[in-house]
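Take a look at the structure below.
All residue numbers in this chain count up from 1 along the given sequence.
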Amino acid sequence: MHGQAEDSGPGGYAAARLRLLNEKAWSGPPRRSALAGLTDEWLAGLFAAGAPGARGVSLVAVGGYGRAELSPRSDLDLLLLHDGSAPETVSTLADRLWYPVWDLGLALDHSVRTPAEARRTAGEDLKVQLGLLDARHIAGDLGLTTALRTTVLADWRNQAPKRLPALRELCEERAARHGELQYLLEPDLKEARGGLRDATALRAVAASWLADAPREGLAEARGRLLDVRDALHLTTGRATDRLALQEQDQVAAELGLLDADALLRQVYEAARIIAYAGDVTWREVGRVLRSRSVRPRLRAMMGGGKPAPERSPLAEGVVEQDGEVVLARAARPDRDLVLPLRAAAAAAQAGLPLNLHAVRRMAAGARALPSPWPAEARQQLITLLGSGRPTVDVWEALEAEGLISLLLPDWDRVRCRPQRNAVHLWTVDRHLIETAVRASAFTRRVSRPDLLLIAALLHDIGKGWPGDHSVAGEVIARDVAARIGFDADDVTVIATLVRHHLLLVETATRRDLDDPATVRSVAEAVGSPGTLELLHALTEADALATGPAAWSSWRASLVADLVERVAAVLAGQAPPDPEEAAPTAQHERLALEAVATGAPVLSLRAQTEPPAEPSDDPEPLGVELLIAVPDQAGVLPAAAGVLAMHRLTVRTAELRSLDLPDGVDGSVLLLDWRVAAEYGSLPQAARLRADLVRALDGSLDISGRLAERDAAYPRRRGVVAPPPRVTVAPAASRHATVIEVRAQDAPGLLFRIGRALEDTAVRVRSAHVSTLGANAMDVFYVTQEQGVPLPGEEAVAVARKLEESLRT
């Protein structure tokens, strides 16, 4: 392709380089190699022109350039190696090499050293030593370069027992800083765990001759990440390794992929292979180093000879050896179809890793289980899922060798599937395993822990199919549960749990629990107390496995309240009618004071009840805010605006008219809200009341105050959020029309919604505020002035006007 560079000057190289990068027929390894070769020729020409006939000096490529893996915007890592005999000549040569590189705007990492200096620096700096392991001769004295390579490799092998633990620590520190590549929505292809630096570390381990990484698929995974980085450099024009959200579609198109999800899935698959290879390799390094330190003492004690490794039985055909789970000598994977699940369950229960060769031996002889599964296979799967945190590593080992796909073919659709929601920490498949891990902690509080664990494993299995994942998941779960061997009744329970796994949390945070229709609808969907018990545990496990933003003591309390009400209905009790509920003594006292003063009356009361179960959740339940105010227009936006000014987050909001005692004239609105401070301490009730009085009489410009604050503290520009959406929930209540608002969360959002609803002349009966990450999901129960639900067309019109107001 490139032939000879047109000349040794920058112009000739730059033109040839540009042609190479613009040639669409060249991509992947051939283009990286060709770019390295073209750069070699140019630098060799510069070297020859700067030091004609020079001896005792050579130009060496190290690091990625040494591996001939140049991406379009890669740094040039160069070492000018010399024997120390002519320092002035070397200094002049360095200038003639480095300046043309800088003139082209190429990033350069350079050094000038003698072999002794290079060797000493490598001994002091692990990163330098890793770069020199890939040293490659470009120009000059070949013998000098060859001698350095030989010496550096010998040093690395001799010092491996000391250097490899340091390298492992370096990898772990990097992973802690940059996260796991296989789960990040905006991953760093190089630095994150499972990225290109980890692949380079595995090459270094192999070069030590102490241990070797599993090679199957490793080169292809590394090549895939390099291809993605090439495309990222070409589409952005920058030397970046971070695959930002706004660039993923372009990168996918450059690689000929369908969309950004297809791109991320390939990245995750590659990262998972590299990360798993790293786990296996570092485990082997540790085993070898432990063996080396123990063996001399054993030999001395036993008079020489090599002791046989101890093997402790764990299960039929499964033993422990050297801290790993291996197969017994008599095990027959080709005849024992349950062996993979039995070995996995034993490993997870013992908290030990599965030996790589044992997994591969089982995979080589594995065959699909009959349908339905034998009872032992079902029990071993349940044991595996109920083993807690060790389940994750064992499951990954089975998945790496294709055993999970053999056991559960539907798993392929969710494997490495990204979730484009900042609330989710994991890909779909890892989230399912994480949910099972969380559910394993709840197996003592449900009567059928086996059904809970299987439902946890399958609850999002429908995300690999189009449409509502709960609906698709119900069909898949029914099929999988029957194939695993559950009877018809249990299959129905599992399918119900999957179909309604979001029901409790969505109802508790978005519906009026005092509305009998709400509780009855949940009871009808769940069907029985046993299923309700399981659904409650699954709801918490699912939320905890999603991420810290998905669960809190506040959400837990709302769900627990809903479960208690539904359990009462399932036990035959009718839910109370909110229209018949008498006000409490405190509500009546506040209402009478509001009538007497003609002004708002406030009460702030902190949550004092301890949580039902111990929790590390730092988020308190919040503070109950009661406001009684003479009935008038604009109460909702005024109250919401004042709270926004004081940086109070509204979690739930209920508004209703109170019946006053006989003989008392007037009408009073009661606002019963749960609020929490965004940060700092709560404001005093007197300040809130004073601002609320001013907001209601029009002397407090809430819109202006919020706009001033936004201008003083502008938010950073990030990914453009999708537009707000407002819909009417059909048949959600007999007493009111239910309007759902989905929008980007922002200070003052509830104030804007309240003001827009006031403009449509509807009455807000109650509001239920829910926020997940940056997404707000607010639900409003509204009526006409007469207190009856809105007619269908009017409800749609209100929703449309509200949506339009939020878009402006």
Side-chain angles (χ1 to χ4, degrees), residues 512 514 578-606 622-648 650-675 682-706 735-736 748 750-767 769 780-788:
D512 184 357
D514 288 328
E579 302 296 335
E580 300 174 1
T584 66
Q586 184 186 24
H587 293 170
E588 191 170 285
R589 178 182 62 79
L590 292 175
L592 290 174
E593 186 176 346
V595 169
T597 61
V601 179
L602 276 70
S603 170
L604 277 171
R605 185 176 64 183
V623 171
E624 185 181 45
L625 171 63
L626 292 175
I627 304 175
V629 58
D631 196 355
Q632 58 190 287
V635 171
L636 174 60
V642 168
L643 295 182
M645 283 175 45
H646 288 273
R647 298 188 184 277
L648 290 174
V650 179
R651 292 183 174 162
T652 61
E654 182 180 288
L655 297 82
R656 60 190 173 99
S657 179
L658 282 186
D659 292 329
L660 298 174
D662 293 338
V664 179
D665 295 329
S667 177
V668 173
L669 289 177
L670 179 74
L671 287 70
D672 189 348
W673 291 11
R674 180 74 64 179
V675 301
L682 289 164
Q684 294 180 346
R687 288 188 59 195
L688 290 177
R689 181 183 180 278
D691 284 344
L692 181 56
V693 169
R694 294 171 57 207
L696 288 170
D697 67 21
S699 62
L700 178 61
D701 182 9
I702 295 176
S703 297
R705 293 280 292 272
L706 292 177
H735 301 284
L750 186 58
F751 163 69
R752 294 179 60 201
I753 295 173
R755 189 172 58 180
L757 288 173
E758 286 286 337
D759 290 343
T760 63
V762 299
R763 294 183 60 187
V764 178
R765 174 194 177 104
S766 66
V769 179
F780 300 88
Y781 283 64
V782 302
T783 67
Q784 294 180 317
E785 284 296 326
Q786 300 82 3
V788 296

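One distance of note links CG of Asp672 with OG of Ser603; it measures 9.5 Å at 0.5 Å rounding. From His646, atom NE2 reaches atom CG of Leu682 across 11.5 Å, with rounding to the nearest 0.5 Å. Atom CG of Leu757 sits about 6.0 Å away from atom CZ of Phe780, to the nearest 0.5 Å.
With sequence neighbours left out, Arg755 forms a side chain to side chain donor-acceptor pair (under 3.5 Å) with Ser703. In this structure Arg694 satisfies the side-chain contact (heavy atoms from CB on, under 4.5 Å) test together with Asp691, Asp697, Ser699, Leu700, sequence neighbours excluded. Not counting sequence neighbours, the partners of Val595 by the side-chain contact (heavy atoms from CB on, under 4.5 Å) test are Leu660, Val664, Val668. In this view, Thr760 satisfies the side chain to side chain donor-acceptor pair (under 3.5 Å) rule with no residue, not counting sequence neighbours. For Gln684, there are no side chain to side chain donor-acceptor pair (under 3.5 Å) partners two or more places apart in sequence or in a different chain. With sequence neighbours excluded, the residues that form a side-chain contact (heavy atoms from CB on, under 4.5 Å) with Glu593 are Arg589, Thr597, Val601. Legend: residues meeting side-chain contact (heavy atoms from CB on, under 4.5 Å) with Ala638, ordered by chain and number and at least two apart, are Leu692, Ala695, Leu696. Take Phe751 and apply the ring pair (Phe, Tyr, Trp, His ring centres under 6.0 Å) test, not counting sequence neighbours, and it matches no residue.
Panel note: side chain Gln586, backbone Thr584; no donor-acceptor pair is recorded below 3.5 Å.
Listed here is the closest heavy atom pair of Gly748 and Leu706: CA-CD1, 4.1 Å. A pairwise comparison of heavy atoms in Ile702 and Gly641 identifies CG2-CA, 3.6 Å as the closest pair. Here the shortest heavy-atom pairing between Gly754 and Leu636 reads CA-CD2, 3.7 Å. Here the closest non-hydrogen pair linking Ala685 and Leu602 is O-CD2, 3.9 Å. Heavy-atom minimum distance, Asp512 versus Ser766: OD2-OG, 3.6 Å. Taking each heavy atom of Gly598 and Pro630 in turn, the nearest pair found is C-CG, 3.8 Å.
At most 12 non-hydrogen atoms from other residues, nucleotides or ligands lie less than 6.0 angstrom from CZ of Arg705.
Inter-residue side-chain proximity for Leu625 and Leu643 is flagged as met; some heavy-atom pair is nearer than 4.5 Å. Inter-residue side-chain proximity for Glu588 and Leu658 is flagged as unmet; no heavy-atom pair is nearer than 4.5 Å. With a 4.5 Å cut-off on side-chain heavy atoms, Leu604 and Pro683 do not count as touching. Thr783 places none of its side-chain heavy atoms less than 4.5 Å from the side chain of His735. Within the 4.5 Å cutoff, the side chain of Arg763 has no heavy atoms near those of the Gln784 side chain.
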